[in-house]
Structure formats: structure tokens, C-alpha cells
4 protein chains.
Amino acid sequence: MKRQQILDAAYTVFSRKGYHRATVDEIIALADTGKGTVYNYFVNKEQLFYTLVKERSSKFEAELNAIASLHELPLSKIKMAIKVFLEFYVANADLWRVLMYEMRGLGHEDSSFTEAQRKKYRERFVHTIGILENILQEGIEQGAIRPCDVHKAAHGLFSVIVMMVFQGFVGEQQDSIETAANSIADIFLYGVAER
Amino acid sequence: MKRQQILDAAYTVFSRKGYHRATVDEIIALADTGKGTVYNYFVNKEQLFYTLVKERSSKFEAELNAIASLHELPLSKIKMAIKVFLEFYVANADLWRVLMYEMRGLGHEDSSFTEAQRKKYRERFVHTIGILENILQEGIEQGAIRPCDVHKAAHGLFSVIVMMVFQGFVGEQQDSIETAANSIADIFLYGVAER
Amino acid sequence: MKRQQILDAAYTVFSRKGYHRATVDEIIALADTGKGTVYNYFVNKEQLFYTLVKERSSKFEAELNAIASLHELPLSKIKMAIKVFLEFYVANADLWRVLMYEMRGLGHEDSSFTEAQRKKYRERFVHTIGILENILQEGIEQGAIRPCDVHKAAHGLFSVIVMMVFQGFVGEQQDSIETAANSIADIFLYGVAER
Amino acid sequence: MKRQQILDAAYTVFSRKGYHRATVDEIIALADTGKGTVYNYFVNKEQLFYTLVKERSSKFEAELNAIASLHELPLSKIKMAIKVFLEFYVANADLWRVLMYEMRGLGHEDSSFTEAQRKKYRERFVHTIGILENILQEGIEQGAIRPCDVHKAAHGLFSVIVMMVFQGFVGEQQDSIETAANSIADIFLYGVAER
DNA sequence: CATGAATGAGAGTTCATTCAT
DNA sequence: GATGAATGAACTCTCATTCAT
């Protein structure tokens, strides 16, 4: 019970402050618990953060996998995937902003996290974006998508989704998400140019 | 002269470590100067960071403004703008990653920076993305671009550009930038779907 | 039964880590019991340590008393006493190193232990060394030992015994102890000078 | 100047409390300085302690080396060495008690210090006791000392010296030291047995 | 009796900032 | 203008002890 209180509080504080500026003191104040309790459940601040990410990710990753396995048309799958991404990022915008920053994209020298931890995080991203890649690849094979660099294209799509969320262009309501998903899919698939 | 040494060193250290993990001690070690000297030129760490951003931005913003004012076809202007963006972000990837993170996109309560400072940063972004918007708007008016939400479209284009840089998909060489600019423009304009 | 498990574990951990670095967590892990159980049997860490010392001391003190009461020649008694000391300290080297340190020899202001506890420990030492003194005194009265300050001489003998153990000059085997006892007695009685 | 104040305060606090119980807070209170200042001069608590030991040792070691090099009779040298040892340990009793404890004599698993640091300390001890060994060896070669295990004999002599100090049998006055040195030398050389 | 979740005082350490020289 | 010694608030983490079950 305390464990969950701590996780909830940590989620809030990490989201608000980022990893570095978040303090254990603030987390325990919000969780209404003692400092030692945090360290009974989590080895350290870093692992507390990781637990948060892991717990929030797993459902999302499962949903995404499910979509990839469906027998649907690629274009339809893409739209579904975009929607699932939006739902997840809308719900976890702040924490994932922090996570993405702390990972530093590539192999950067300094970060709050150990290299081992960073690798774990990166694998999660690579995995989810990889699913987008697979769908695109499938689309190319079926002639629905133009041949292109699916790795970059998937990253592009991903970056747009995340930006829409981070910029607050998408709200929490289902219809807001749906509308956004349609816009994103439309431009991603057909571009902005007039024919 | 000392001032410039400090700025150069600060650029390196902030880029490597991020805002929080960067220490004044490391900056002065690299700048080969004394700690007090930093505080003679800059009121504090935050303002040192801001100065850095301001100095690096201005040339870029000028270039972008120039493109916007050209008498060229919108599609051509878009490609040019993409190139200028890429050039700038490739050169300043690490510092801008830090900056974008610390700004926290919207009106978030806590950050390393004061609200006043954050507003200044945001205005810079709004301004550069605004130029993209204007070009798109011009394109719509001239019938080259499909009617769409230019605000969001510009942000989408921007996010893809930045992602390409942060993911290391674009190198520092001119031709790498040119190739990337073409790919981005191609998909942004015509989408990935087969016709 | 739990009580004995705790004592055994505590002995091991205190010996390995010293008083301060030993943690109750480590003790209960080794004793395979719960944290509360420790506090059912012992009022606190300090008293647990004391119990350990008391239990291990009593047999040794009894043996030493027995030797003192024998009707033997003083020189012979001295050798026997040295052997008993060696046996005891070899068996309890690590814990007694910790104990001797935490006592701080004299009336020092600060220690891990309360003054009352420290007094108890000191009395045990004074008592065992006192037996050595008595044997020496007996030797002087019988003309086997040169008149000298028996208090200091007994401490000197004691310190050499302990040093031999702490420096690892004496092993656990009976013959190693016997050899060491002979060397110590030889030099203590006759000195290192050539005649 | 602050550096010296910190060293003096640290000396007092480490001597009184031992390494673990000594706190940086107490040291700075006594040194009348700020916490950060300590870390400007010393990397950490461990290195502060080491600096203390190093500074206090060097004069003593030099004196001891000087005696070893004298052209004097071995027995005379032994007495001189004993005196120098007593002077040093009387002056530094408390800190050296702490040091000797934290070293844990041999290769013990856990200690406050890193293995590397422990090795440095041990070398200092080995060195000073080694000088005693050399003097004894010289004595044997010149026929003044009975053939014996000089390594152990030197350790025995050392342990007695230290014990005399730790037990408060020796005061700070020169004559107290002289008297003690004579008693120690007398028994070490000629034993306690009557002839 | 046995347990272990909960606790918080207190530890060592970092680092932006000040100010006398 | 240039300096760096001095500072202390703030940080993460430890661990003996309590107490409800």
C-alpha cells in the first residue's frame, strides 16, 4: 500500500520536476510516508524511476504488439497504432519527457543513469518504434506504402506523435485523440502538398 | 576574452552534461579561469546558459527570416528552410536538447529556470516555428499546399527535423544534410502512401 | 533456539565488521529470523554485543581461575596461563579486537557503549589480567621472579599474547599454540639479551 | 589556515570518537568553519584521516631512521628507539588507537577504509617495526642479543610499548617516559625471572 | 513469541554563490 | 578586472528501533 503511494507520488514529482530536481523528500511528503520506507521498497532513486517506467510501459507495449499481429490492412493498422501511441503518451506525457531526456538518445557520456539502465530504457523505445517499422514494412510489401527507409519513417511518425502530445495539441478525451490520430495519419500518408 | 572562453567552455559542458549536471567548477577548469570571473560576467548559472542560447540563435534566426522574405516558390522555400534548420540543429544538437528539455514545452510549474526566463526561450521557438507556419500559409494561399492546420503542420515538420538530428540520422557534412532535407521534404509534402 | 541463532550470527557479523559496521539486518539475515525477534531477546544492539562477550568469557575465566588455584610452581603456572590465554584469544580474536577497541582502554568520553557497560567490560579484563598479576606476585614471594611492578608486567605479558594472536603469529592448532606459548614464556622470563 | 584548523579539529574528534563515530559536523563545529571547506581541502573523510596520520608520522619515522643509522651499541640503540616510540605514542595515543583498529591487522574483509588505503597504513607500521627488527638483527650479529625470531620479538616489544601508553602507564613528562623506557628495556632484555 | 513494514534522525558529500584581496 | 577560499543549504542514502499484527 505504501509502495503504491510512493510510486504515485514519485510519478507526480518526477513528472513535475524531472529526474534531477525531484527530491526524495518531496516524494515522501506527497506519499505521506517516511524516508526509510522508500528505501525499503526501492534500492535507490534511479530504480524507483525505472520501476515507474516499467510498470507504465508494459500494458502499452502489449497493446501495440496485439495490433501488429492483427490481420488488418496496413493503413488501418497504422491508424490504430497511432491511436494507441497517442493514448499512452497523453497519459504519461510528463514522465516520458523526462525519460527521453535522461536517455540522451544515443551514447552520451553523462547522464543521471548508469549505462546499464540506459540500455534497458533504450531497448523499450527501440522495441515500440520497431513495431511501427514492421507495420510500414508490411505495407511496402503489400504495395500500400511507397518504398522508403522504414527506420527513419517510423522515427518521423513517432516524433510527430510525441510532439503533438508535448505541445498540448491533444487532450485526454477520446475524440480529441481520435481527431489527432486522423490528422497525423492523413499527413503522414498523403503529405501536405496539393495535387 | 575571458568572457568568450567561459562561453565556449560552458557550451561544451552544458552540452555534455545537461543543465543540472554541469558544474561551474567544470566550466572554469575548461575555460582556464577563476570562479569569481564567471560571476563578473554573468549573474548566475541560469543567465550564463541563456546568453549561450541567445548568441547561438541570432544568426540562425536571421537566416530563417531571410528565406521567408525571398521571392521563391513556397515548396522551394520549404526545402530551404528545412536545410537551414538542419544545419543549425546539427551544429547545436546537444545544447538544444538540453534547452528543449528544461523549457518543458508548456506552462509547467517547475523547471531549472524562472518563469520569466522560460518565456524568453519559448518566444524564440515560437518565432522560428512561426516562420515555417508563414511559409506554409503562403503555400496554401498560392494553392501549392493543401488547406490544413498550419500551426500543427509546422510543428510536425519541426519535430521531424529535430528528431533526425537527435537520432543521429544526419551528419555534419553538407551532403548528409542535403540528403536528409530532401527525404524530409519528400515525405512531408507527398506522404508515404503509394498512389 | 532463535536466541542462540541470533547470538551465533551476531558473533560472526560483529567479528567481521566491527561494532559499528555490523548491522542488525545482516545479523538477522544470517540468523534466518525476523528483526523484531532480536529485540524480543535483547534490549538493543549494545546489549546483544555484551551478551556475546559475557557468554564467551565465562568458560575462559573459570579455566584461568582454576590454574591460579593449582599447587604448581609459579613458572609452570605462567606457562599454563599463557596457553589458556592463547587458546581463548585465538578462538575469539576478531570479536575481542572489536571489544578492546570499543572499550577505549581508559575513561574516554565517547564510545559506542554507555559508561556503565564499559565498566563491566573493563572489570572482566582487570579480572583476567589480575590473575596473571597474582601468579607473578606468588612467583616473587617464592623467589622465582625478580621483584618488579607486577601490574605492569602482567599487562606487558598480556599485550604480547594478544599481539601474537592479532598478528596471526599463532594458528588454531594445538601445537602452534604450544610453540607460541613457549616462545612467549621464554622471552618474558629470560629476555632477549645474551649472557 | 582553515586547513590547519580542520586538521586540528579532526585530530581531536577522531581521537575522541574513533573513525566511524566522528562526524564531519562535529569537526567543522570545532574548527569553526563550513562543511564545504573541509571538502575543498580533503577529498573525503577517509583522506582527511589519512592526511592526519601522514603528517604526524613523518617526523617520527625520520627520528627512528636516524637512530637506526647511528654508530652505537645495539642495546643502547634499543633503549633510544623505545624512548622515541614512547614519545610518539604518548603524543598520539588516541588517534593511533583508532588507526590500529581500523587497519584490522591483516587482510580483513571489512573496514572503514579501502584496501588501497589500508595497505598504505600497514606499510607505515611495517616500516617502523622493521627498524626495530633491524636493530635486533644487528644485536644478534654482534653477539649482544640471543638468536631469536626478530620479527616476532620486534612485534612483542612494539606491543608492550603501545600497551604502556594505552593503559596510561606513561605520562607526557620526559622523566615518566624515561622511566618507562628503562623498565621496558630491562624486562625485554633480561626477563622477569630471577637467576 | 515471531514478525517485518514503517520510521526519521543523522551521515557524508556536492555545488552555486559570495566577497575580500 | 580577476581570483579562489569559504560557505551552507540541499541532496541521497543508512540503519537502529518500534509496534501492530
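What you are looking at is a predicted structure, and each value in this text was computed from that prediction instead of being measured.
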Which atom names give the shortest non-hydrogen contact between Q4(C) and E55(C), and what distance separates them? OE1-OE1, 4.3 Å
Is the F49(A) to F113(A) ring centre distance short of 6.0 Å? yes
F42(A) CZ to dA6(E) C1', straight-line distance once rounded to whole Å: 14 Å
In whole Å, I'd like the distance from the CD atom of Q47(A) to the P atom of dT12(F). 15 Å
Provide, to the nearest angstrom, the distance between the CD1 atom belonging to I27(A) and the P atom belonging to dC13(F). 11 Å
Judged by modelled atom types alone, do Y11(A) and N92(A) share a side-chain donor-acceptor pair under 3.5 Å? yes
Nearest whole angstrom, please: distance from the C1' of dA2(E) to the CD1 of I28(C). 12 Å
Check: W96(C) ring centroid to F88(C) ring centroid under 6.0 Å: yes
The residue, Y41(D) or V38(B), whose nearest nucleotide of DNA chain F is more 5′ is V38(B)
Are the ring centres of Y19(D) and Y101(D) closer than 6.0 Å? no
Under 3.5 Å, sequence neighbours excluded: what are the donor-acceptor pairs made by side chains of residues 36-44 of chain B?
| from | atom 1 | to | atom 2 | distance (Å) |
| --- | --- | --- | --- | --- |
| T37(B) | OG1 | T33(B) | OG1 | 3.4 |
| N44(B) | OD1 | E46(B) | N | 3.3 |
| N44(B) | OD1 | Q47(B) | N | 2.9 |

In terms of ring plane angle, is the pair H20(A) and H20(B) parallel, tilted or perpendicular, where the classes change at 30° and 60°? parallel
Distance from S15(A) atom OG to D94(A) atom CG, nearest 0.5 Å? 5.0 Å
Expressed as a whole number of angstroms, how long is the span from E26(D):CD to dA11(E):C1'? 13 Å
Walk along nucleotides 13-21 of chain E from 5' to 3' and tag each nucleotide B, S or - by protein heavy-atom contact under 4.0 Å, base first, then sugar-phosphate. BBBBBB---
Respond yes when some side-chain nitrogen or oxygen of T33(B) is under 4.0 Å from OP1 or OP2 of dT3(F), and no when none is. yes
According to a 3.5 Å limit on both distances, what stems of 3 or more consecutive Watson-Crick or G-U pairs are formed with DNA chain E? E:2-21 with F:2-21
